[in-house]
Number of protein chains: 4
Amino acid sequence: MHDGDQGAEPVSRRKDARRNKANLLDAAAAVFVVQGVDAPVREIAARAGVGVGTIYRHFPTRADLIVAVYRHQVDACAEAGPRLLAEGPSPHTALERWIDLFVDFLVTKHGLAAVLQPDAGFDTLHAYFLDRLVPVCGQLLDAAAGAGEIRADIEPYALMRGVGNLCIGADSDPRYDARRLAALLVAGLRHAA
Amino acid sequence: MHDGDQGAEPVSRRKDARRNKANLLDAAAAVFVVQGVDAPVREIAARAGVGVGTIYRHFPTRADLIVAVYRHQVDACAEAGPRLLAEGPSPHTALERWIDLFVDFLVTKHGLAAVLQPDAGFDTLHAYFLDRLVPVCGQLLDAAAGAGEIRADIEPYALMRGVGNLCIGADSDPRYDARRLAALLVAGLRHAA
Amino acid sequence: MHDGDQGAEPVSRRKDARRNKANLLDAAAAVFVVQGVDAPVREIAARAGVGVGTIYRHFPTRADLIVAVYRHQVDACAEAGPRLLAEGPSPHTALERWIDLFVDFLVTKHGLAAVLQPDAGFDTLHAYFLDRLVPVCGQLLDAAAGAGEIRADIEPYALMRGVGNLCIGADSDPRYDARRLAALLVAGLRHAA
Amino acid sequence: MHDGDQGAEPVSRRKDARRNKANLLDAAAAVFVVQGVDAPVREIAARAGVGVGTIYRHFPTRADLIVAVYRHQVDACAEAGPRLLAEGPSPHTALERWIDLFVDFLVTKHGLAAVLQPDAGFDTLHAYFLDRLVPVCGQLLDAAAGAGEIRADIEPYALMRGVGNLCIGADSDPRYDARRLAALLVAGLRHAA
DNA sequence: CATGAATGAGAGTTCATTCAT
DNA sequence: GATGAATGAACTCTCATTCAT
């Protein structure tokens with residue numbers, strides 16, 4: 001879960017460095033849960049028992065850190081798309097389930113949804129989400145549209161952002177159930193009877 | 001708390017005080033349009049030609065100010081509910097139109113949607129929206145449900161927040177159409193075919 | 001000595017504010033003497049017994065602060081030019097004496113000379129010096145050239161910068177006498193025998 | 001102090017070590033040209049393809065590094081003194097030419113002049129310049145004074161520092177010609193007519 | 001010997017909020 | 001009542017220097 005290195009990046013030769021990176025990711029994850037992804041850099045550094053410089057070395061941008069922390073989960077979500085499609089019973093069902101997964105991910109990460117906005121200063125993060133998930137979402141939408149289950153005029157990007165938005169502030173408010181609303185949104189894609 | 005200029009507040013007997021308040025509201029509205037509702041207090045004070053202290057006197061909380069600025073529009077939105085219900089061909093249509101109104105309101109006010117969250121430190125604002133709009137929304141939902149057009153298991157509060165969330169960041173991103181997504185959400189309320 | 005307000009700026013109505021600005025200038029002057037004009041903002045604030053914000057309010061830029069602190073002395077130097085010209089036995093003598101004045105000013109202000117450079121991030125300061133002193137220097141040079149005492153091909157700006165440079169680090173080194181060197185520079189302007 | 005690679009230092013017996021050092025000097029020279037002699041250590045290390053630790057090993061102090069980089073040129077300058085004196089036509093002409101050489105050296109090395117100050121934290125550098133050049137300058141001054149061309153009361157150290165100062169910030173400002181001013185300074189040494 | 005990860009002091013800057021006048 | 005000066009916590013980011021590997 002915690003290497004966080006993208007692609008073929010040379011893994012550090014130093015044991016402590018590697019441990020540190022893992023440390024960092026753990027600490028950041030922990031702090032993010034409590035304080036949200038806007039938590040002060042120092043907080044995370046303190047929690048990880050490292051200096052702030054170390055964080056900046058590994059993750060020049062806050063977005064880089066967030067991406068690293070949640071990367072595996074985003075990837076898992078991306079990979080789930082084709083699988084759900086294969087499992088059936090229908091593309092629309094697959095879409096429903098996949099959106100559920102996405103919502104779960106966002107809601108359990110305190111404040112993550114809020115920084116998914118473009119121009120919120122988290123470009124790397126935004127880009128990563130888009131790169132990974134929009135194609136998958138598009139695939140699911142195409143399949144469902146191709147099967148005649150849903151209307152064909154919705155862009156995956158728009159849907160992702162809509163669902164993302166629905167997840168903002170979804171923790172900590174028992175009267176608000178983001179998963180439910182996301183499901184309604186997906187239901188709304190069906191052709192009118 | 002802090003009276004918030006809500007309900008039957010004794011209007012100031014002094015002319016200049018009233019003028020000042022109006023000034024303030026105009027200025028705030030103008031600044032909100034450009035900078036969003038998070039604009040620095042000083043900006044608004046400067047625009048109104050008053051000191052920051054004056055703002056704090058009239059509106060102890062930023063939420064109080066926002067409420068005051070948009071009160072008329074919220075009220076108009078609230079009042080539109082029954083009227084649309086009376087007019088429309090059907091309750092569901094009325095609901096669609098009303099949601100449209102609400103979305104328009106939120107989207108045209110830069111950043112307003114984002115501060116509708118509970119626990120965002122804008123409690124007065126949140127409370128006001130709830131007080132005014134949730135009952136109206138509930139009325140529309142009940143009517144539509146009573147007419148057998150939609151499912152009966154959605155709470156007005158949840159729907160309002162969902163729509164509100166969908167409007168976050170809706171300006172400034174041409175690929176994202178909040179009104180469209182809100183419409184899908186409402187469509188999703190219909191009974192499955 | 002210490003109002004530091006340029007032109008017809010409305011002097012603060014509040015007593016404490018005025019006192020504060022004076023305070024600030026005194027404190028800054030004191031700190032500048034010890035630490036040089038690059039002293040940390042916090043240092044100055046502490047010395048003045050105010051918060052850092054107060055400094056930023058009054059002097060958005062460090063250069064603004066420096067200008068304010070030394071303004072009277074620059075002005076005095078500027079005003080001395082014509083007077084010396086009127087007094088002196090000859091324009092060249094006036095020039096010598098004036099340069100002396102300038103050198104004294106720079107040398108007694110720890111580190112001031114160094115930030116006179118263009119592109120050192122002290123544009124306001126640089127501009128102020130130029131605006132005030134270059135014309136005066138030009139007047140003296142012209143007079144001396146007109147009297148046939150010196151060569152006519154030296155720009156006042158170049159001379160000012162040269163003298164300014166000569167003053168860098170002139171305090172704290174007993175083996176280096178900036179005044180002397182500046183005098184040599186001026187002597188070098190004379191026509192070769 | 002720290003040996004600084006000065007004088008008769010035992011040249012490393014190991015080929016790779018020597019190559020490394022040469023590497024370092026090349027890299028530092030290249031970086032100095034672009035970023036000036038205050039360039040971040042990391043920059044130089046990266047350019048040389050070594051770790052920062054290696055730099056610190058070879059050159060404990062930044063001044064040590066600068067000295068090493070420019071040593072040959074300083075030496076060349078030192079050696080030029082006697083030669084120019086021998087070439088004639090007069091000691092004062094030799095002095096002029098030699099100062100020209102020195103100015104050229106300083107000006108073409110971005111930011112070098114500024115760190116020549118004593119107490120700028122570049123003691124090694126300052127010492128090296130003094131050791132090498134002050135005697136040469138003294139020789140030229142003595143010769144010119146002996147020939148009755150110039151006044152006899154100027155210390156070589158003072159002259160060197162003056163010229164050095166004149167060179168500060170001389171690149172990047174077309175209105176300022178350090179060589180010219182240095183020439184004026186030297187001209188000023190002549191006996192008054 | 002070389003490496004480069006880690007450190008952490010330190011500087012700048014912003015703005016909500018208070019309170020003397 | 002109105003004003004706006006003052007406050008200072010809070011945050012980001014940089015880089016010289018050390019030292020484990």
Side-chain angles (χ1 to χ4, degrees), chain A residues 10 12-21 23-24 38-46 48-62 121, chain B residues 12 14 16-17 20-21 23-24 38-46 48-62 121, chain C residues 10 12-21 23-24 38-46 48-58 60-62 121, chain D residues 12 14 16-17 20-21 23-24 38-46 48-58 60-62 121:
Chain A
S12 170
R13 206 60 54 72
R14 278 173 64 168
K15 249 183 238 151
D16 65 337
R18 260 171 313 162
R19 202 168 20 203
N20 240 322
K21 197 157 189 174
N23 245 358
L24 224 46
D38 287 317
V41 176
R42 269 201 196 24
E43 201 88 2
I44 299 166
V50 304
V52 293
T54 305
I55 295 192
Y56 279 98
R57 157 180 291 272
H58 288 304
F59 310 101
T61 281
R62 180 182 294 268
Chain B
S12 170
R14 283 175 55 176
D16 63 336
N20 230 323
K21 201 156 186 173
N23 241 359
L24 226 44
D38 287 318
V41 177
R42 276 227 232 315
E43 203 87 2
I44 299 165
V50 304
V52 291
T54 305
I55 295 192
Y56 277 96
R57 163 172 300 275
H58 287 305
F59 309 102
T61 282
R62 179 182 293 267
Chain C
S12 171
R13 205 60 54 73
R14 279 174 64 169
K15 249 183 238 150
D16 65 337
R18 261 171 313 162
R19 203 167 19 204
N20 240 323
K21 195 157 188 173
N23 245 358
L24 224 46
D38 287 318
V41 177
R42 272 186 187 46
E43 202 86 3
I44 299 166
V50 305
V52 292
T54 304
I55 295 191
Y56 278 98
R57 157 180 292 271
H58 288 304
T61 280
R62 179 181 295 268
Chain D
S12 169
R14 284 174 55 175
D16 62 338
N20 230 323
K21 202 155 187 173
N23 240 0
L24 226 44
D38 286 319
V41 178
R42 274 224 232 318
E43 204 87 0
I44 299 166
V50 304
V52 291
T54 306
I55 294 191
Y56 277 96
R57 163 171 301 272
H58 288 304
T61 282
R62 180 182 293 266

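A note on names: the letters A, B, ... follow the listed sequences, proteins ahead of strands, and every chain is numbered from 1.
Residues meeting the side chain to side chain contact (heavy atoms under 4.5 Å, CB included) test with C/Asn20, sequence neighbours left out: C/Asn23, C/Val50. For A/Pro40, the side chain to side chain contact (heavy atoms under 4.5 Å, CB included) partners are A/Gln35, A/Glu43, not counting sequence neighbours. Listed by chain and residue number, B/Val52, C/Arg57 satisfy the side chain to side chain contact (heavy atoms under 4.5 Å, CB included) test with B/Arg42 (two or more places apart in sequence, or in another chain).
In this structure, D/Leu24 atom CG and E/dC1 atom P are separated by 15 Å, rounded to whole Å. Straight-line distance from the CD1 atom of D/Ile44 to the P atom of E/dG4: 16 Å, rounded to whole Å. One can place CZ of B/Phe59 at 14 Å from P of F/dG1, the figure rounded to the nearest angstrom. Atom CG in C/Asn23 sits roughly 12 Å away from atom C1' in F/dA6 (whole-Å rounding). As a whole-Å value, the separation of B/Glu43 CD from E/dC15 P is 9 Å. Regarding C/Lys21, its NZ atom lies at a distance of 10 Å from the P atom of F/dA5, rounded to whole Å. Atom CZ in A/Arg62 sits roughly 9 Å away from atom C1' in F/dT12 (whole-Å rounding).
A heavy-atom distance below 4.0 Å to DNA chain E is reached by these residues of residues 50-57 of chain A, ordered by number: A/Val50, A/Gly51, A/Val52, A/Gly53, A/Thr54, A/Arg57.
Remark on DNA chain E: of its neighbouring residues B/Ala39 and C/Val41, the 5'-side contact belongs to C/Val41, judged by nearest-heavy-atom nucleotide. Between A/Gly49 and C/Pro40, the residue whose closest nucleotide on DNA chain E is further toward the 5' end is A/Gly49.
Residues B/Val41 and B/Arg62 come closest through the heavy atom pair CG2-NH2, 3.7 Å.
For C/His58 and F/dA6, the shortest distance from a side-chain N or O to OP1 or OP2 is below 4.0 Å. At the phosphate of E/dA6, OP1 or OP2 sits under 4.0 Å from a side-chain N or O atom of A/Asn20.
Side-chain N/O atoms of B/Arg42 and base N/O atoms of F/dG4 include no donor-acceptor pair closer than 3.5 Å.
Here CD1 of A/Ile44 is found 8.0 Å from CG of A/Leu24. Values are rounded to the nearest 0.5 Å.
Paired runs in DNA chain E that reach 3 or more consecutive Watson-Crick or G-U pairs, where each pair keeps both distances under 3.5 Å, cover E:2-21 with F:2-21.
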